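Below you'll find the structure, written out as structure tokens, and then a few comments.
Remember, it's a predicted structure, so these values are computed and weren't measured experimentally. Computation of the quantities below employed the complete heavy-atom set of this structure, encompassing side-chain atoms and omitting hydrogens, waters and symmetry-equivalent molecules.
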Amino acid sequence: DSNDITEVQNYTKAKYAQPNEELFGVAKGKNVIKIHLESFQSFLIDYKLHGEEVTPFLNSLVHDKSKDFTYFDNFFHQTGQGKTADGELIMDNSLYGLPNGSAFSTKANNTYQALPAIMDQQEGYTSAVFHGDGKSFWNRDKIYKELGVNKFYYDSYYDMSPENVINYGLKDKPFFEQSMPYLENLEQPFYAHMITLTHHHPYLINEEDTTIAPAETGDGSVDRYFQTARYLDEALKQFFDDLKEAGLYEDSVIMIYGDHYGISENHNRAMKEIIGEEITPLKNAELQRVPYMIKIPGVDGQGVNHEYSGQTDVMPTLLHLLGIKAQDYITFGTDLFSKDHKEFVPFRNGDFITDKYSYVNGTYYDNETKEKISEPTEEMLKKRETVMHELELSDKVLNGDLLRFYTPNKEWEPVNPNDYTYPEKGE
Ligand code: GP9
Ligand code: MN
């Protein structure tokens, strides 16, 4: 009930981090392009296989000479069983997924106060999601209406001829290529979300699409993981070229993120060969890093930023860049560019990681020495309480549909799902 939302509100307002004055509103009214790198873990960045870079294009953004991007190398996914759906939910709502199942599936009729709706109401953005799969996968066609997504381009909008398709759906190269005309025709400013798909378990790829030999661990998924990552990297390079040609690169905010791990703990034997060390519980937690990169027009990229951070932090960060007060909304993360950004990253299972120590599976570890901490400090124990509390509050929001009882500010209008439709192409 409304007491519960007050408890949530008190927590998120206390955690809130004031914006960095220099960056608040710098991207006001700019187009925003958010690119989802399916199953992409940060260990791929700068990784060399057979002496070759696996993702030369992404690496070039990280070591960006033109100073476009800032790369967060201590950014973690926070997803649970909802995988991609959790990634989407977290990034656009700064809420956690549920401990079991996927909120996209079970909480599709909840009230949300998500980025697409906020950006529309506050700054007149048109939001669009692009994805080369059926519209109902992960219940997207239902929940997007509650999130306020204006346009949804799914398989019906793409040429899904057999040569364009593998595994779950459209290959990333035709996906980006065929998305361009739709993107160019969107009313501006837009918030576009491009969800890639080819780099997905079990990492199937046609021989003619490979440009790097597989790894040689004997574990097929792990071995092909590098080939589909290379394919994604090439698709991305082509997309950037197309954006530049269309005049949509320079003046847009571009965000790139990984949704969740690609290689599960079932592949620890092969991963030991890849990483060159035993996959301990701590190492496994460290491997949950996914990329987060952002380009802000008119602002020099910082190169590599080492702030410990996670997917919940993206929504308040973007709001502040757009000049929208994140404080009005229920957000569990904090602005990555704020000097008060909170450097602890809860994982969905209650483990967490900070800039100095980690809590994994009941044990505290020193990040530097990797040693177990036999006597955790009061502060460490308290942090664990905070993390549990935060996850519980987020679960209360979803399970109690609490945003029904929350009015962010006097301008806010509740999203009406009936205002949104996602017709087939030509319908
Ligand atoms: C399919 C997709 C895959 O549309 O986005 O989701 P995942 O299996 O990664 O959760
Ligand atoms: Mn996914």
Exercise. With respect to N284, which candidate in I263, N361, V360, I279 satisfies the side-chain contact (heavy atoms from CB on, under 4.5 Å) definition?
Worked result: I279
Exercise. Can you say whether the rings of Y182 and Y153 are parallel (under 30°), tilted (30 to 60°) or perpendicular (over 60°)?
Worked result: parallel
Exercise. Checking N164 side chain against M160 main chain: does a donor-acceptor pair fall under 3.5 Å?
Worked result: no
Problem set entry | Salt bridge flag under 4.0 Å for residues K370 and E286 | yes
Exercise. Would you call the rings of F352 and Y359 parallel, tilted or perpendicular, where under 30° means parallel and over 60° means perpendicular?
Worked result: parallel
Exercise. Taking C-beta and beyond as the side chain, do L243 and L183 meet within less than 4.5 Å on heavy atoms?
Worked result: yes
Exercise. Under 3.5 Å, side chain of Q41 to main-chain N/O of L287, donor-acceptor pair present?
Worked result: yes
Exercise. Cut-off 3.5 Å, side chains only: do T70 and N305 have a donor facing an acceptor?
Worked result: no
Problem set entry | Distance-only polar pair, side chains of T111 and R404, donor-acceptor under 3.5 Å | no
For this session: Evaluate whether atom NZ of K173 has more than 12 neighbouring non-hydrogen atoms of other residues, nucleotides or ligands under 6.0 angstrom away.
Result: yes
For this session: Please answer whether the main-chain N or O of Q78 pairs with a side-chain N or O of D86 as donor and acceptor at a distance below 3.5 Å.
Result: no
Exercise. Do the numbers put K30 on top of the ring of Y125, so that NZ or CZ is under 6.0 Å from the six-membered ring centre and no more than 45° off the axis?
Worked result: no
For this session: Scan for salt bridge (charged side-chain N to carboxylate O under 4.0 Å, His left out) pairs involving residues 335-364, sequence neighbours excluded, and state none if there are none.
Result: R348-D395
Exercise. At what distance, to the nearest 0.5 angstrom, does OG1 of T228 lie from CG of D209?
Worked result: 11.0 Å
Problem set entry | Side chains of E38 and H260, donor plus acceptor under 3.5 Å | yes
Exercise. More than 12 heavy atoms of other residues, nucleotides or ligands under 6.0 Å from CD of E413: is that the case?
Worked result: no
Problem set entry | Ring geometry between F43 and F226 (parallel below 30°, tilted from 30 to 60°, perpendicular above 60°) | perpendicular
Exercise. What orientation do Y144 and F104 show, parallel under 30°, tilted 30 to 60°, or perpendicular over 60°?
Worked result: perpendicular
Problem set entry | Test item: T79 side-chain N/O and H77 main-chain N/O as donor-acceptor pair under 3.5 Å | no
Exercise. Under 3.5 Å, is there a donor-acceptor pair between the Y203 and Q227 side chains?
Worked result: no
Exercise. Any sub-3.5 Å donor-acceptor pair from S394's side-chain atoms to Y96's backbone N or O?
Worked result: yes
For this session: Please examine the side chains of S179 and Y158, heavy atoms only from C-beta on, and report whether any two atoms are closer than 4.5 Å.
Result: yes
Problem set entry | Listed once per pair and sorted, the ring pair (Phe, Tyr, Trp, His ring centres under 6.0 Å) pairs that draw on residues 395-427, sequence neighbours left out | F152-Y422
Exercise. Checking N150 side chain against S127 main chain: does a donor-acceptor pair fall under 3.5 Å?
Worked result: yes
Problem set entry | Side-chain H-bond candidate by donor/acceptor type, T198 with D172, under 3.5 Å | yes
Exercise. So, do M293 and L58 sit near enough that their side-chain heavy atoms are less than 4.5 Å apart?
Worked result: yes
For this session: Check each of I195, I294, D92, I254 against K34 using the side-chain contact (heavy atoms from CB on, under 4.5 Å) test, and report the only one that passes.
Result: D92
For this session: Fit a plane to each ring of F57 and F240, take the angle between them on a 0 to 90° scale, and name the class: parallel (under 30°), tilted (30 to 60°) or perpendicular (over 60°).
Result: perpendicular
Exercise. Below 4.5 Å, heavy atoms only, C-beta onward: do F69 and K295 meet side chain to side chain?
Worked result: yes
Exercise. Nearest 0.5 Å, what's the NE2-OH distance between H389 and Y11?
Worked result: 7.0 Å
Problem set entry | salt bridge (charged side-chain N to carboxylate O under 4.0 Å, His left out) contacts in which one or both residues fall within residues 119-144, not counting sequence neighbours | K28-E123, E88-R140, K135-E424
For this session: For residues N367 and S358, determine if any side-chain heavy atom of one lies less than 4.5 Å from a side-chain heavy atom of the other.
Result: yes
For this session: Would you please test Y225 and V54 for side chain to side chain contact (heavy atoms under 4.5 Å, CB included) and show each step?
Result: CA-CA 10 Å; Y225 187 70; V54 178; over 6 Å; no
For this session: Would you please classify the geometry between the Y292 ring and the F72 ring as parallel, tilted or perpendicular, with 30° and 60° separating the classes?
Result: tilted
